[in-house]
Amino acid sequence: MNTSTKTPAAITLAPLPYAEDALEPQISAETLRYHHGKHHAAYVSNLNTLIAETPYVNYSLDEIVMRSEGSIFNNAAQVWNHTFYFEQLSPSPRPLAEGALADAVIRDFGSLEGLKNEIIRASTALFGSGWVWLVCDRRDHLAILPLQNAGNPLTHSLTPLLAVDVWEHAYYIDYRNRRADSVGALWDRVDWTVVSERFCRMMRK
Ligand code: MN
């Protein structure tokens, strides 16, 4: 087979896993239309342009995030981060059930409310644009990791469990400058079954 004509698979925009208005009132349809349809889509488009004619075109998105820097890293990580972010939200979010993750949350934050407060605190303390992550280290300890810009826990050898987007584009239409309020509202849309599955998948590795 002549592989020289093989076209590498382009990085694609993961479809929003629910309707644009499905997370109202916490997140408006207008916000999701811009956040997914414009911002997330632009990172995908930019990344495909940047990696064309480079070795990265043959890498998976995870590999690009792990191995790149500069503009390619920024766009690749933003693609990764947004897919992860949208996946964890739900029109009918399921609560945190008893189990390994619930035990770890109680051990490391006292309660789910304690975790929420720490995430809101970290979100307001993060200067500029970035992400606040709930992560797990190799000893199964949970921690909150604020990272500026497109920062991603994979490059810190940490497993991401939950992503809070604190770029203004994530909340400014609905909440203007009230970042803490936007994170508090986002909390009500987090599907803890998704977060627990991420934790359990990591524990099995
Ligand atoms: Mn965003």
Side-chain angles (χ1 to χ4, degrees), residues 10-51 61-62 64-66 68-91 93 116 119-135 144-156 158-191 194-195 198:
I11 303 293
T12 55
L13 176 65
L16 204 58
Y18 29 75
E20 284 177 346
D21 64 357
L23 303 184
E24 290 189 341
Q26 288 88 352
I27 303 174
S28 70
E30 187 181 4
T31 288
L32 277 187
R33 188 154 59 245
Y34 276 84
H35 201 180
H36 179 263
K38 302 289 185 192
H39 293 277
H40 192 184
Y43 295 125
V44 172
S45 168
N46 291 344
L47 180 61
N48 281 313
T49 301
L50 287 165
I51 64 174
L61 182 61
D62 284 38
I64 301 174
V65 168
M66 293 296 285
S68 64
E69 53 190 23
S71 301
I72 292 181
F73 171 81
N74 286 337
N75 284 281
Q78 285 293 77
V79 173
W80 197 105
N81 296 356
H82 282 92
T83 302
F84 192 84
Y85 171 85
F86 290 126
E87 273 175 358
Q88 77 200 0
L89 305 177
S90 172
K116 175 185 177 182
I119 284 186
I120 290 174
R121 195 185 345 259
S123 298
T124 53
L126 196 153
F127 187 80
S129 297
W131 297 80
V132 172
W133 300 87
L134 173 65
V135 296
I144 291 169
L145 179 70
L147 294 173
Q148 288 188 310
N149 302 321
N152 181 294
L154 296 177
T155 65
H156 298 255
L158 294 164
T159 301
L161 302 178
L162 177 72
V164 176
D165 187 345
V166 297
W167 284 60
E168 285 186 347
H169 71 222
Y171 63 84
Y172 215 82
I173 292 169
D174 299 332
Y175 296 90
R176 299 304 175 189
N177 61 323
R178 293 177 291 119
R179 184 184 282 188
D181 290 351
S182 78
V183 176
L186 179 82
W187 195 259
D188 294 335
R189 287 300 185 185
V190 171
D191 189 324
V194 174
V195 181
R198 290 168 175 171

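From a predicted model like this one, the values you see are computed outputs, not experimental measurements. Order of listing sets the numbers, starting from 1, for every ligand and every atom in it. Hydrogens, waters and symmetry mates are skipped; everything else that's a heavy atom, side chains included, is used.
- How far CG of L16 is from NE2 of H35: 10.5 Å, rounded to the nearest 0.5 Å.
- At a cut-off of 3.5 Å, with distance as the only test, no side-chain donor of D165 or N81 sits close to an acceptor on the other residue.
- Taking the ring centre of F84 as origin, the terminal cationic atom of R198 falls inside the region bounded by 6.0 Å and 45° from the ring axis.
- Note: H82 and W131 have perpendicular aromatic rings, judged against thresholds of 30 and 60 degrees for the angle between ring planes.
- Heavy atoms from other residues, nucleotides or ligands lying under 6.0 Å from OH of Y34 number 12 at most.
- Protein N/O/S atoms closer than 2.8 Å to the Mn ion (ligand 1), listed by chain and residue number, are H35 NE2, H82 NE2, D165 OD2, H169 NE2.
- Remark: L23 CG to T31 OG1 distance equals 10.5 Å, nearest 0.5 Å.
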